[in-house]
Number of protein chains: 2
Amino acid sequence: MTADVVILTIREGRLAVLLVQRGEEPFRGRWALPGGFVGPSEDLEEAAWRVLARETGLRPKVAHLEQLRTYGAPGRDPRTRVVSVAHLGLVADLPAPVGGRGTTSARFWAVEDLEAEVAPWLAFDHEAILADGVERARAKLEYTPLATTFVPPTFTLSELRHVYEAVWGTPVHAANFRRKVLSIEGFVLPVGRTASPGPEGARQPDLYQAGPARLLHPALLRPRPEQARVMGEPETGEL
Amino acid sequence: MTADVVILTIREGRLAVLLVQRGEEPFRGRWALPGGFVGPSEDLEEAAWRVLARETGLRPKVAHLEQLRTYGAPGRDPRTRVVSVAHLGLVADLPAPVGGRGTTSARFWAVEDLEAEVAPWLAFDHEAILADGVERARAKLEYTPLATTFVPPTFTLSELRHVYEAVWGTPVHAANFRRKVLSIEGFVLPVGRTASPGPEGARQPDLYQAGPARLLHPALLRPRPEQARVMGEPETGEL
DNA sequence: GCAAAAGTGTTCTATGTACACCCATGT
DNA sequence: ACATGGGTGTACATAGAACACTTTTGC
């Protein structure tokens with residue numbers, strides 16, 4: 001029984017996942033999600049925190065971690081039966097990680113690049129686990145304040161909006177985003193307009209910090225892939 | 001490693017869960033979720049289907065089954081470390097189950113009654129697993145057509161509405177429910193007005209069957225516990 | 001002044017909700 | 001006729017999207 005972790009962050013404006021390069025068989029040389037065995041008297045989430053801390057040095061309150069799903073198909077590890085309890089971790093941008101024992105290197109990969117053809121094959125069934133983790137993150141941004149775990153303790157609404165755009169992979173209307181976020185009680189709290197991080201000749205934005213809300217009312221829904229049919233327009237092909 | 005199953009159905013208009021009475025230690029005589037050990041080369045979902053079939057005789061296509069969450073707190077089984085992959089099963093109403101080995105009886109319990117004070121304590125951490133399963137079912141009715149797994153192959157919209165009311169535990173406006181369901185593409189298909197199941201002197205309702213949709217667009221949202229504050233009205237107490 | 005990004009106002013539309021009314025059927 | 005549930009019409013309130021416009025800052 002192992003605990004694997006999908007550690008997501010925003011790097012250079014893009015959603016990125018932490019992968020380690022395996023130094024041992026099976027799948028030697030291939031990229032994989034960081035993970036480790038669960039101790040005999042260790043809680044599942046405890047094991048996941050241990051893996052996350054080993055790779056990033058982060059601890060609770062600085063990061064978010066939740067159980068994702070358990071993967072136990074008989075053939076997923078070619079040598080013996082291994083059931084993996086996958087977790088999802090969300091962290092702010094941070095220095096390059098070091099990797100743990102049995103790995104030769106560790107780095108963040110843009111999720112977008114992994115979906116491309118040139119992407120490295122991931123070990124085991126980690127491709128499916130990653131996909132599930134990304135989808136969970138996308139869904140959770142809608143109805144929880146988890147986007148704030150991706151930004152510094154103090155942030156602008158533009159930075160927060162960039163998080164949504166990076167995770168969802170779609171542009172977000174700035175003016176309406178602002179109104180919605182501010183109308184959600186307890187999502188963000190104003191802290192004045194102290195700093196001016198933008199050296200590009202523009203207005204200084206207001207600064208905010210995360211509020212006490214654990215759930216977003218009303219939700220901040222992502223733009224759905226519009227499948228509305230315009231009357232009079234004939235269907236253009238696919239079912 | 002075990003696979004436990006939260007088997008939900010609608011009985012007498014109420015949401016009910018299948019429990020078995022344990023005939024062995026630990027927790028002998030207490031009620032528990034049906035479950036069993038996962039075979040050495042058995043898939044997790046396969047094991048859950050096996051448990052569900054043993055208790056109800058139902059097979060895929062007749063019922064819905066999905067992974068819920070994995071519970072692995074070190075002390076959850078007082079004797080040894082047992083990690084349980086919990087699953088959620090939704091089935092139509094059916095005859096009383098028989099129970100498996102190691103159990104003295106099996107029956108459906110109204111979830112509402114279990115939440116009452118007189119309820120029997122459940123074995124292990126099954127109380128928490130049940131709560132997670134019920135919440136998952138409530139959420140899934142909103143954006144999937146799973147409510148149709150609770151009713152016969154052919155059903156009326158009133159029957160379907162009763163499912164939503166039983167699972168959510170709230171009344172649903174009949175007229176608007178009808179319009180919403182029919183506007184959701186692929187949710188239900190009309191099959192004419194063949195039968196007249198109601199012997200109570202009322203109009204014969206239209207009959208429907210489940211449609212091909214796997215997701216509901218737009219979603220059928222449950223009434224949220226209105227926490228809007230009326231201006232001028234002072235807060236009435238609890239946090 | 002001009003460009004760039006922040007922030008505000010307003011309109012239009014889709015959606016959700018409530019309420020009133022008509023329909024079909026059995027007693 | 002009338003009670004009972006099924007089914008339809010319609011108006012009102014709310015929420016979301018789109019667009020234009022003003023503000024602040026650096027060059």
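The chains referred to below are lettered A, B, ... by the order of the sequence lines, with proteins before strands, and numbering in each begins at 1.
A/L182 has its CG atom 13 Å from the P atom of C/dG9, to the nearest Å. The nearest whole Å value for the distance from the CZ atom in A/R178 to the C1' atom in C/dT10 is 17 Å. The nearest whole Å value for the distance from the CZ atom in B/F155 to the P atom in D/dG6 is 14 Å. Atoms CG (A/D206) and C1' (D/dT25) sit 14 Å apart, rounded to a whole Å. One atom, CZ of B/R161, and another, P of D/dG6, lie 6 Å apart when rounded to the nearest Å. Distance, A/F177 CZ to C/dG7 P: 12 Å, rounded to whole Å.
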Tabulate atom names and distances for all N/O pairs under 3.5 angstrom spanning the protein and nucleotides 21-23 of chain D.
{"residue": "D/dT23", "atom": "O2", "partner": "A/R203", "partner atom": "NH1", "Å": "3.0"}

Dump the pairs, protein N or O against N or O of nucleotides 15-19 of chain C, anything under 3.5 Å, distances to one decimal.
{"residue": "C/dT17", "atom": "OP2", "partner": "B/K180", "partner atom": "NZ", "Å": "3.0"}
{"residue": "C/dA18", "atom": "N7", "partner": "B/N176", "partner atom": "ND2", "Å": "2.9"}
{"residue": "C/dA18", "atom": "N6", "partner": "B/N176", "partner atom": "OD1", "Å": "3.1"}
{"residue": "C/dA18", "atom": "N6", "partner": "B/R179", "partner atom": "NH2", "Å": "3.1"}

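Under a 3.5 Å cut-off, the side chain of A/H64 and the backbone N or O of A/G89 do not form any donor-acceptor pair. The main-chain N or O of A/R178 is never found under 3.5 Å from a side-chain atom of A/R161 such that the two would form a donor-acceptor pair. With hydrogens and angles disregarded, a donor-acceptor distance shorter than 3.5 Å links the side chain of B/R136 to the backbone of B/L68.
The side chain of B/S158 contributes an N or O atom lying less than 4.0 Å from OP1 or OP2 of D/dG6.
Shortest non-hydrogen contact noted between B/T156 and B/E159 is N-OE1, 2.8 Å.
Among B/T154, B/L182, B/V181, the one residue that satisfies the side-chain contact (heavy atoms from CB on, under 4.5 Å) test with B/Y208 is B/L182.
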Subject >> Check against salt bridge (Lys or Arg N to Asp or Glu O under 4.0 Å), B/R14 and B/E115 >> reply: CA-CA 13 Å; B/R14 305 166 78 197; B/E115 290 165 348; over 6 Å; no
**OP:** Please lay out, stage by stage, how B/T144 and B/F187 fare under the test side chain to side chain contact (heavy atoms under 4.5 Å, CB included).
**Re:** CA-CA 9 Å; B/T144 71; B/F187 188 10; over 6 Å; no
Using distance only, find each side-chain donor-acceptor pair of residues 167-175 of chain B under 3.5 Å and give its atom names and separation, not counting sequence neighbours.
{"residue": "B/W168", "atom": "NE1", "partner": "B/R138", "partner atom": "O", "Å": "3.0"}

